Amino acid sequence: MDILRGIKGAPDWLPPEAGAFDAVERAFLDTAALGGYERVRTPVFEPTEVFARGVGASTDVVQKEMYTFEDKGGRSITLRPEGTAGVLRAALEAGVPRSGTLPVKWSYAGEFFRYERPQAGRQRQFTQVGVEALGATDPVLDAEVVLLGWEALKRAGVGEMTLRINTLGDRVDRPAYHERLNAYLDDFEGDLPPDVAERRHLNPMRAFDAKAPGMAEIMAGAPLLADHVNDEAKAFHEEVCGLLEAEGLVLTHDDRLVRGLDYYTRTTFEYQAAGLGAQNAVGGGGRYDGLAEDLGWPEPFPGVGWALGVDRTLLALGEAAAPPPRAEVFVVAADPTLAPQAFGLVARLRRAGVAADQAFAGRRMKAQLKLADRSGARLALVLGADELARGVVTVKDLASGSQREVADAEVLAAVTG
RNA sequence: GUGGCCGUAGCUCAGUCGGUUAGAGCGCCGCGUUGUGGUCGCGGAGGUCGCGGGUUCGAUUCCCGUCGGUCACCCCA
C-alpha cells in the first residue's frame, strides 16, 4: 500500500526551512508592531459572500480560485483567499467605525487558500502577514503603510527590491473611465481574447493585465485611468509619493498596475524581489475606500493596507534565509547507566533557560558526540562514572576541542558565562 | 483550465543503443579508539527503476494510458 500523501499545493515546512519561515513571519509582525499595528486573528473561513462581494465578482480570485463548500447547515463557506475582506468584515461587525479613535491599525498573519496550479512561489495554501489601517483617508497614512511594508521586507533580509506604485482614483472616476475604455475596446471586439471580451463589461481595466498575443498593441493606444483621476485624488497621490521619496524610496510609477482585486481605490502598490521566477511580487496592497460599503456598511469607511507573502519572501531570500536557533548545550552520558543523571542535567539546564539536548536510544559515547557536533551546540557536557564520583562534569568546547572539569554546582555558570 | 519537462536508494542524480548480479555522491549504522565529535580508512543496511497495460523470447529501458512532481501561461502573495 502506498503511503498517504498530502494535498497538492499544500506545502509541508520542515526543518531547517520551517525555522527560517518563522523568522520571516516574525520580522514582518515585529515591523508592524513597531508601527503601532495591533494583532488580530480572524477565521480562516468566511461566508462566501464576504469574498464574492468584497473581492469582486470580476476577479480571477472569485471566479475560479476559491475553495468553496457547503457546510452541514447548507451555508456556503469559503476558505479565505486573501485577508482584507475578512479583517474589514470583523471590524464592521465589532462596530469599529463608530467606536474608538480612528484610524484603527491592525496586523494579522495566517494561511490563505487559492485553487490554482502550483508553481515556483505559488501554492494553494500560502502564508501572508498583513496590515490594515482603517478609518482614515490621509496621504501620510498611505505613505506609512507603504514604507512599513518596505521596512518589513528589509528586516526579513530581502536585498534587491523594486516598489511599483500607481493611483486608481476614486470610485466616482471609474464609471466614466470604464465607459471610455469599453468604447475604445469596442473597436477591437473581434481581436479580443475570450477572457477579456467576457470580463471587460464587469471591469475593463483587467484588459491591461491580459498578455495574449496582440493585446499589448491594442492596449498601447488605450485611454489611461491616470487621465481620468480627479484632481483631489491626483494631489493625494503626489503627496504620498513625495513622502516616500523623502524617505529615500525609489518609486517605479506604473500606470498599468491595476491589481486583481476590485476593491482598490487611489493608492495601489507592489513590492517585487529578485530571484523568484515568474511570480516576483513578494507583497502588495493599496487603499480600499469603498470596500466597507460593499460589505454592507451604510456609509464610507476607508482603509489602506498590504499583505506580504511569507513563502515568497523565503524564496527570495534563498541561501540568505536565517538559520534557525539550535541547542546551546549537548549532554553526553559516557555510560548507559548514567541516563538518569544526564536526563536530570538536561532538565536543570532547560529550567535555567539554556537550550539543551541529549542523545537517545542508548547510543555509544562516540555517537553521542557526533550528534552533539551535528546539533550545532557550542558545548558538550560529558557525564561519566568518574565525574560523578568526584562531583564534577566535563565541559567540552566543540569548536576548539578543549575541555575542562567543572564542579557540579558551577555547571550553570560555566555554561552561561 | 492549457502547455513543456521530469518520475531509478532517505536525498541529489548517473546508467541500461531492450539482455542475465542496477551504480555514485551525500546521509544512516558499525569497526579502526575498552569514555571523546568534526578529518581519514574499511565494512554494512537500504531499490516492486511511480503505477497499469501493450510490443517482445526478454521491458527499469520502446509505445499507450494513468498518477505524481516541476516549470510556464492566466492571475496573484
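A note on names: the letters A, B, ... follow the listed sequences, proteins ahead of strands, and every chain is numbered from 1. These numbers were taken from a predicted model, which means no experiment stands behind them.
Proximity of A:Arg364 to the phosphate of B:rU36: no side-chain N or O atom is located under 4.0 Å from OP1 or OP2. Between A:Lys8 and B:rG69 there is a side-chain polar atom (N or O) within less than 4.0 angstrom of OP1 or OP2.
Note: CG (A:Leu381) to P (B:rU36) measures 17 Å, nearest angstrom. Put simply, CE on A:Met365 is 13 Å from P on B:rG38, counting in whole angstrom units. The CG atom of A:Leu398 sits 7 Å away from the C1' atom of B:rG37 (whole-angstrom rounding). For the pair A:Asp12 CG and B:rC11 C1', the computed distance is 16 Å after rounding to whole Å. If you measure from atom NZ of A:Lys370 to atom P of B:rC40, you get 11 Å, rounded to the nearest angstrom. Whole-Å rounding puts the A:Glu116 CD to B:rC73 C1' distance at 12 Å. Atom CZ of A:Arg117 and atom C1' of B:rC67 are 13 Å apart (whole Å). Nucleotide B:rG3 holds its C1' atom 12 Å from the CD atom of A:Gln119, rounded to whole Å.
Residue contacts shown for A:Ala399 include a base, since a base heavy atom lies under 4.0 Å away. Using a 4.0 Å heavy-atom cutoff across all strands shown, A:Asp335 reaches no nucleic acid atom at all. Residue A:Arg124 is out of contact with every strand shown, counting any heavy-atom pair closer than 4.0 Å. When heavy atoms are screened at a 4.0 angstrom cut-off, A:Glu387 is found touching base atoms of the nucleic acid. Using a 4.0 Å heavy-atom distance criterion, A:Gln123 is classed as a base contact. Within 4.0 Å (heavy atoms only), A:Gly401 reaches at least one base atom of the nucleic acid. Residue A:Ala281 is in sugar-phosphate contact alone, with no base atom involved, counting any heavy-atom pair closer than 4.0 Å across all strands shown. Note on A:Val332: nothing from the nucleic acid sits closer than 4.0 angstrom, heavy atoms only.
When side chains are defined from C-beta on, A:Val382 counts as touching A:Met365, because their heavy atoms get closer than 4.5 Å.
Atom name P, nucleotides B:rU12 and B:rG50: the rounded distance is 14 Å, in whole Å. Across the P atoms, B:rU55 and B:rG68 are found 27 Å apart, a figure rounded to whole Å. B:rC67 and B:rG52: their P atoms are spaced 15 Å apart (whole Å). If you take atom C1' in B:rC13 and the same atom in B:rC74, they sit 34 Å apart, rounded to whole Å. Comparing the P positions of B:rC51 and B:rA59 gives a spacing of 15 Å, expressed to the nearest Å. Taking the P atoms as reference points, B:rG65 lies 29 Å from B:rU20, given to the whole Å. Spacing of P atoms, B:rC71 relative to B:rG15, comes out at 23 Å, to the nearest Å. A distance of about 11 Å separates the C1' atoms of B:rA9 and B:rA24, rounded to the whole Å.
The partner of B:rC62 is B:rG54, by the rule that a Watson-Crick or G-U pair needs both atom distances under 3.5 Å. Checking B:rG27 for Watson-Crick or G-U wobble geometry (two distances, each under 3.5 Å) identifies no partner in any strand.
Here CG of A:Leu168 is found 14.5 Å from OH of A:Tyr288. Values are rounded to the nearest 0.5 Å. For the atom pair A:Leu308 CG and A:Thr127 OG1, the distance stands at 12.5 Å (nearest 0.5 Å).
Figure legend: A:Arg124 and A:Tyr115 shown as a cation-pi pair, the cationic atom lying under 6.0 angstrom from the six-membered ring centre and within 45 degrees of its axis. The cationic atom of A:Arg266 (NZ for Lys, CZ for Arg) lies less than 6.0 Å from the six-membered ring centre of A:Phe236 and within 45° of the ring axis.
No donor-acceptor contact under 3.5 Å links the side chain of A:Gln368 to the base of B:rG35. In the interface, the side chain of A:Asp373 is not paired with the base of B:rG38 through any donor and acceptor atom under 3.5 Å apart. In the interface, the side chain of A:Gln403 is paired with the base of B:rU36 through a donor and an acceptor atom under 3.5 Å apart. Applying the 3.5 Å distance criterion, the base of B:rU36 shares no donor-acceptor pair with the side chain of A:Lys366.
Comparing A:Leu369 and A:Val282 against RNA chain B, the residue whose closest nucleotide sits nearer the 5' end is A:Leu369. RNA chain B is contacted by both A:Arg122 and A:Pro118; A:Pro118 maps to the nucleotide lying nearer its 5′ end (nearest heavy atom per residue).
A donor-acceptor pair is defined here as one N or O able to donate and one able to accept, closer than 3.5 Å; no such pair exists between the side chain of A:Asp170 and the backbone of A:Val172. A donor-acceptor pair under 3.5 Å links the side-chain atoms of A:Glu82 to the main chain of A:Ala85, judged by distance alone.
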Report the C-alpha distance between A:Thr313 and A:Leu153 in whole Å, list the side-chain angles of each, state the deciding distance to 0.1 Å, and finish with yes or no for side chain to side chain contact (heavy atoms under 4.5 Å, CB included). CA-CA 8 Å; A:Thr313 299; A:Leu153 289 160; 3.7 Å; yes
